[in-house]
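Each remark here refers to the structure printed beneath this line.
Keep in mind that what you see is a predicted model, and the values were worked out from it rather than measured. Throughout, a chain's letter reflects where its sequence line sits, starting with A, and its residues are numbered from 1.
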Protein chains: 2
Amino acid sequence: MTAESPSQKGGTVGKAMEVLDCVARFGQPVRFSQILEVSHFPKPTLYRLVRTLADLGMLDHDADKDTYMPGRRLLKLAHVAWAQFSLASIARPHIDRLGQQVSETIHLAQLDQGQVLYVDKRNGRDPVEMYSQAGKVGPTYCTGVGKAMLAFLTPEEQERVIALQSFHRFTPHTLVTPEALRARLETIRAQGYALDEEEHETGIICIAMPVLNGSGRVLGSVSITDTVLRTTWAALKEKLPLLRETVERIGHDAQDWHYPGI
Amino acid sequence: MTAESPSQKGGTVGKAMEVLDCVARFGQPVRFSQILEVSHFPKPTLYRLVRTLADLGMLDHDADKDTYMPGRRLLKLAHVAWAQFSLASIARPHIDRLGQQVSETIHLAQLDQGQVLYVDKRNGRDPVEMYSQAGKVGPTYCTGVGKAMLAFLTPEEQERVIALQSFHRFTPHTLVTPEALRARLETIRAQGYALDEEEHETGIICIAMPVLNGSGRVLGSVSITDTVLRTTWAALKEKLPLLRETVERIGHDAQDWHYPGI
DNA sequence: ATTTTAGTTTCATTATTTGAGACTAAATGA
DNA sequence: TCATTTAGTCTCAAATAATGAAACTAAAAT
């Protein structure tokens with residue numbers, strides 16, 4: 001009747017997905033009572049939702065400790081999602097190639113609801129952390145990949161995304177106002193690439209460039225990351241031509257693919 | 001009333017997950033009518049489910065081509081699932097280590113509903129195909145990782161899993177009867193490791209060993225894979241001590257972790 | 001032995017899902 | 001051009017499933 005609001009639209013399925021998010025947000029196995037605390041559902045309702053999700057394999061239930069965590073079925077579904085995820089699959093060979101040319105860490109990201117969604121990663125030097133990035137989300141206003149995309153959106157899109165940012169100060173270098181960010185975006189747009197000057201994590205710097213299709217539409221972005229201990233800005237910027245070549249090739253291959261929303 | 005059967009239990013949420021599976025099974029963006037063909041739901045019901053899932057981000061909708069595919073939200077959820085996925089996270093450092101010691105491809109797998117679920121992969125030689133495995137499922141009866149696990153289950157569990165196998169002949173070497181498989185499993189149990197002698201894919205061979213906890217319970221398995229063009233059985237079997245060391249270390253670290261079901 | 005806490009079940013009420021059929025728009029064909 | 005098929009969307013009364021206050025159980029904690 002009256003305009004409801006909580007957070008999510010949708011009926012029963014939407015509620016179930018909310019529960020899934022709740023559990024995922026913990027980042028560790030949780031008990032039913034813990035989910036109850038953070039969710040706004042009445043106890044029996046939540047109980048049934050959790051059980052249903054567990055029965056369906058969307059949550060895994062550890063019977064011993066009586067805890068829940070995101071289920072294996074998600075892994076299988078995400079495997080398919082990733083494999084057909086247009087930009088990731090189109091970009092793969094080019095990201096591979098760049099990975100062989102440079103020894104630094106490479107990220108491929110897209111915008112998703114104002115946030116950066118990492119969809120691929122290569123780890124030149126260390127073979128660690130393989131799966132750790134794809135599917136991860138991060139802030140847009142203080143990462144190289146985020147700013148690179150933001151800078152090349154249309155003014156309207158740009159404002160819409162800026163309005164979604166939280167402007168949390170991660171480091172002393174984080175840009176924490178829309179004004180500061182807008183000014184920086186102008187520079188980025190002018191020079192064609194973005195830098196992350198330890199804005200998200202102290203000691204971590206990167207160069208990033210947007211992936212644009214023929215019409216100049218932002219599809220995603222690619223970054224090369226390293227630490228201040230291992231590299232210098234001069235050395236990192238030497239990779240710009242390789243990075244440019246990579247994003248151009250991806251943009252070319254993704255010509256007629258259009259990005260689903262911002 | 002009468003015993004229903006179709007496939008899935010569950011109410012509305014279960015149906016929605018069924019639709020998700022349907023879409024995933026295609027392995028490519030699909031139109032509504034294609035989903036309609038393979039699903040057993042009436043048109044308007046399916047329509048609403050698909051729309052709901054798309055609204056929730058579980059499916060991505062390409063408005064131009066009017067196609068659906070598994071959504072980005074799944075990627076985010078699976079990212080968390082994988083990160084806390086006990087065996088994968090416990091095993092990670094050990095798999096990393098093995099990856100540095102050998103140049104072949106390494107897989108970490110678990111059993112999930114009678115199938116092999118790959119949860120991690122390292123690709124020694126080529127940096128390609130990074131994401132392509134975790135979340136992937138495969139047959140148990142004709143892969144190294146599958147047979148290694150199967151051989152060390154209790155007899156009851158073993159029979160339960162064997163009953164779930166389809167025994168499709170992938171290559172001339174595939175074992176296609178329960179009897180042949182049982183005989184092979186006995187050998188595997190005796191010698192402590194499993195081989196894949198081109199049973200799943202011609203030209204691909206591997207050695208695999210189960211990850212067991214202190215009580216001898218199967219938690220998963222690890223394999224080292226190569227092609228017949230690049231290696232010989234003698235060369236591959238030389239890696240057995242490294243493999244044994246790896247699975248023992250994982251088993252040790254996973255001591256009190258108990259595997260969720262078979 | 002008593003109280004508290006965490007998980008589970010019940011069941012009448014309520015809200016959502018259901019699906020035959022109707023409708024629209026666009027593509028196909030004669 | 002106009003009929004015809006096809007793909008997608010909408011409607012609404014009927015059928016069904018979800019809801020949640022309250023009660024219950026089991027196991028800790030006091």
As a quick check of understanding, evaluate salt bridge (Lys or Arg N to Asp or Glu O under 4.0 Å) for A:Arg31 and A:Glu37, giving each step before the final call.
CA-CA 10 Å; A:Arg31 304 190 70 95; A:Glu37 273 169 31; over 6 Å; no
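- Under a 4.0 Å N-O distance rule, the pair B:Lys76/A:Asp112 qualifies as a salt bridge.
- Look at CZ on A:Phe41: it is 9 Å from P on D:dG20, rounded to the nearest Å.
- Atom NZ in B:Lys15 sits roughly 10 Å away from atom P in D:dT16 (whole-Å rounding).
- Nearest nucleotide to the B:Arg51 side chain, out of C:dA20, D:dT19, D:dT9: D:dT9.
- Using modelled atom types, one finds a donor on one side chain and an acceptor on the other under 3.5 Å when comparing B:His94 with B:Asp253.
- What separates CD of B:Glu37 from C1' of D:dG8 is a distance of 14 Å, to the nearest Å.
- Side-chain atoms of B:His61 and B:Asp55 include no donor-acceptor pair closer than 3.5 Å.
- Nucleotide D:dT19 holds its C1' atom 14 Å from the NE2 atom of A:His40, rounded to whole Å.
- Remark: P of D:dG20 and CG of A:Leu49 are 10 Å apart, rounded to the nearest angstrom.
- Rounded to a whole Å, the CG atom of A:Asp66 is 15 Å from the P atom of D:dA26.
- Considering only the side chain of A:Tyr47, C:dT9 comes nearest among C:dT9, C:dT17, C:dA20.
- A:Lys65 has its NZ atom 19 Å from the C1' atom of C:dG7, to the nearest Å.
- The listed nucleotides are D:dT9, C:dG7, D:dA18; the one nearest the side chain of A:Phe32 is C:dG7.
- Of the candidates D:dT9, C:dG21, C:dT8, D:dT9 carries the atom nearest the B:Lys43 side chain, counting heavy atoms from C-beta on.
- Between the side chain of A:Trp82 and the main chain of A:Val119, a donor-acceptor pair closer than 3.5 Å is present.
- Considering only side-chain N and O atoms, A:Ser33 lies under 4.0 angstrom from the phosphate OP1 or OP2 of C:dG7.
- Regarding contacts with the backbone of D:dT19, a side-chain N or O of A:Arg48 is found under 4.0 angstrom from either OP1 or OP2.
- Nucleic acid contact class of B:Arg31 (heavy atoms, under 4.0 Å, all strands): sugar-phosphate only.
- B:Leu36 places its CG atom 14 Å from the C1' atom of C:dA20, with the value rounded to the nearest Å.
- The nucleotide whose nearest atom lies closest to any side-chain atom of A:Thr12 is, among C:dG19, C:dG7, C:dT16, C:dT16.
- Among the heavy atoms of the strands lying under 4.0 Å from A:Pro42 are primed sugar atoms or P, OP1, OP2 only; no base atom is included.
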